[in-house]
Amino acid sequence: MDWLIGAAGAVIVAGAAYRKRSLSESGALAAILMGTIYYGAGNAFWFGTLLLFFITSTLLSRHGKQRKADLEKSYAKTGRRDAGQVFANGGIGMVLCLLNVWIPSHLWVYLFIGVMATVTADTWATEVGSLSRKPPRSVLNGRVLTAGESGGVSWVGSAAAAAGSMLIGAGGWLLAEWSGMNADLLPYVLAALVGGMVGAFADSYLGATMQVMYRCPACGKSVEVSRHCGQDTVRMRGHAWMSNDAVNLVSSLLGGAAAYGIAAWIAL
């Protein structure tokens with residue numbers, strides 16, 4: 001029955017997101033598969049935390065959409081998530097959910113909180129930070145960057161990342177309590193905050209150092225895409241395999257590890 005409930009819920013959410021153009025066709029199919037597993041193999045805690053990330057991030061992506069339209073031309077991924085982006089954001093959590101079925105442990109739960117806090121923090125920082133009136137600065141040396149350039153951070157974006165992380169922690173705790181997991185609020189919120197911020201800053205660091213970046217010969221902008229302004233862009237730095245999705249995966253793992261570390265420290 002749980003698998004049927006998960007499948008039905010996933011179809012409803014993914015279908016609505018597809019109609020609102022928040023998911024592409026491949027993204028909707030990936031979301032249905034993921035949502036089914038999250039609820040069928042897990043419970044409301046796993047499925048609800050994923051929904052909390054997705055719904056809030058989707059709403060934020062629509063805020064100031066006209067101002068973000070030009071920036072999205074420079075991103076490898078836009079507000080309409082495809083399968084790659086769906087799995088990059090929720091794939092690790094899905095694996096952790098399955099591991100918790102086979103070997104139940106608080107390890108997977110806190111890793112999951114950190115992973116979801118990371119993807120939420122990163123998304124909130126991007127969506128809110130891109131609307132800041134002040135330009136972002138390089139996470140490496142503080143140099144002023146153009147809006148949307150990888151490796152940039154801002155006070156507005158960092159505050160949004162912290163808020164998103166704590167929302168995941170508090171929301172995850174409520175869902176865990178509802179699911180009968182006997183959770184404590186403080187470890188969840190602190191694990192989410194630390195994990196989310198570690199993951200978000202790791203994302204910025206990797207974006208500034210290892211992520212593949214291109215330069216548009218027409219406008220001179222540093223972009224994540226191979227075509228810009230109707231022309232082929234020129235690779236300027238980074239590793240070809242370190243795409244935006246790969247950066248998300250690595251930073252999520254680091255955020256999850258940090259979350260478990262702080263939760264284990266609190267439990268001592």
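Heads up: numbering here begins at 1 and tracks the sequence.
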With sequence neighbours excluded, what pairs up with S138 under the side chain to side chain donor-acceptor pair (under 3.5 Å) test?
N141
Taking only distance into account, with no hydrogens and no angle test, what donor-acceptor pairs under 3.5 Å do side-chain atoms of residues 31-52 form with protein atoms, sequence neighbours excluded?
from, atom 1, to, atom 2, distance (Å)
T36, OG1, I32, O, 2.7
Y38, OH, G90, O, 2.7
Y38, OH, M94, N, 3.1
N43, OD1, F45, N, 2.9
T49, OG1, F45, O, 2.6

In residues 153-177, what donor-acceptor pairs under 3.5 Å come from side-chain atoms, sequence neighbours left out?
from, atom 1, to, atom 2, distance (Å)
S154, OG, G157, N, 3.0
S158, OG, S154, O, 2.9
S165, OG, A161, O, 2.8
W173, NE1, A183, O, 3.1
E177, OE2, A183, N, 2.9

Establish whether I12 and I55 are linked, either directly or via other cluster members, by ILVMFWY side-chain heavy-atom contacts under 4.5 Å.
no
Got a second to check how far R19's CZ is from R21's CZ, nearest 0.5 Å?
13.5 Å
Ignoring hydrogens, what is the shortest heavy-atom contact between G27 and V86? Give both atom names and the distance.
O-CG2, 3.7 Å
Looking at CG of D184 and CD1 of I266, how far apart are the two atoms once the value is rounded to the nearest 0.5 Å?
9.5 Å
Got L99 and I103 here, is their nearest side-chain heavy-atom distance under 4.5 Å?
no
Could you tell me which residues satisfy side chain to side chain contact (heavy atoms under 4.5 Å, CB included) with K20, sequence neighbours excluded, listed by chain and number?
S22, R62
Take L206 and F201, measure what side-chain contact (heavy atoms from CB on, under 4.5 Å) needs, and give me the verdict at the end.
CA-CA 9 Å; L206 291 172; F201 277 98; over 6 Å; no
CE/M236 to SG/C216 distance, rounded to the nearest 0.5 angstrom?
12.0 Å
More than 12 heavy atoms of other groups within 6.0 Å of Y260 OH
no
Same apolar cluster: Y18 and L29, side chain cutoff 4.5 Å:
no
In this structure, would W102 and V95 fall into the same cluster of hydrophobic residues linked by side-chain contacts under 4.5 Å?
yes
Measuring from F112:CZ to L107:CG, what's the distance to the nearest 0.5 Å?
13.5 Å
Evaluate the side-chain proximity of C97 to W108: yes if any heavy-atom separation is below 4.5 Å, no if none is.
no
From L249 CG over to N89 CG, what is the distance, rounded to the nearest 0.5 angstrom?
8.5 Å
For the OG1 atom of T233 and the CZ atom of R215, what is their distance to the nearest 0.5 Å?
11.0 Å
I'd like to check the side chain to side chain contact (heavy atoms under 4.5 Å, CB included) partners of H239; sequence neighbours left out, ordered by chain and number.
M210, W241, M242
For a quick test of reading the model, state the closest non-hydrogen atom pair linking A83 to S24 and the distance between them.
N-OG, 4.4 Å
Which residues pass the side chain to side chain donor-acceptor pair (under 3.5 Å) test with S105, sequence neighbours left out?
none
For the hydrophobic clusters of this structure (ILVMFWY residues joined by side-chain heavy atoms under 4.5 Å, transitively), does one cluster hold both W3 and V11?
no
Sorted by chain and residue number, the side chain to side chain contact (heavy atoms under 4.5 Å, CB included) partners of V115 (sequence neighbours excluded) come out as I92, L96, S252
So which heavy atom on W124 is nearest to which on T56, and how close?
NE1-OG1, 3.5 Å
Going by side-chain heavy atoms closer than 4.5 Å, which hydrophobic residues are tied to L4, directly or by a chain of links?
none
Go through the structure and list residues passing side chain to side chain contact (heavy atoms under 4.5 Å, CB included) with D203, not counting sequence neighbours.
D122, V247, N248, S251
Among residues at least two apart in sequence or on other chains, which ones pass ring pair (Phe, Tyr, Trp, His ring centres under 6.0 Å) with F53?
none
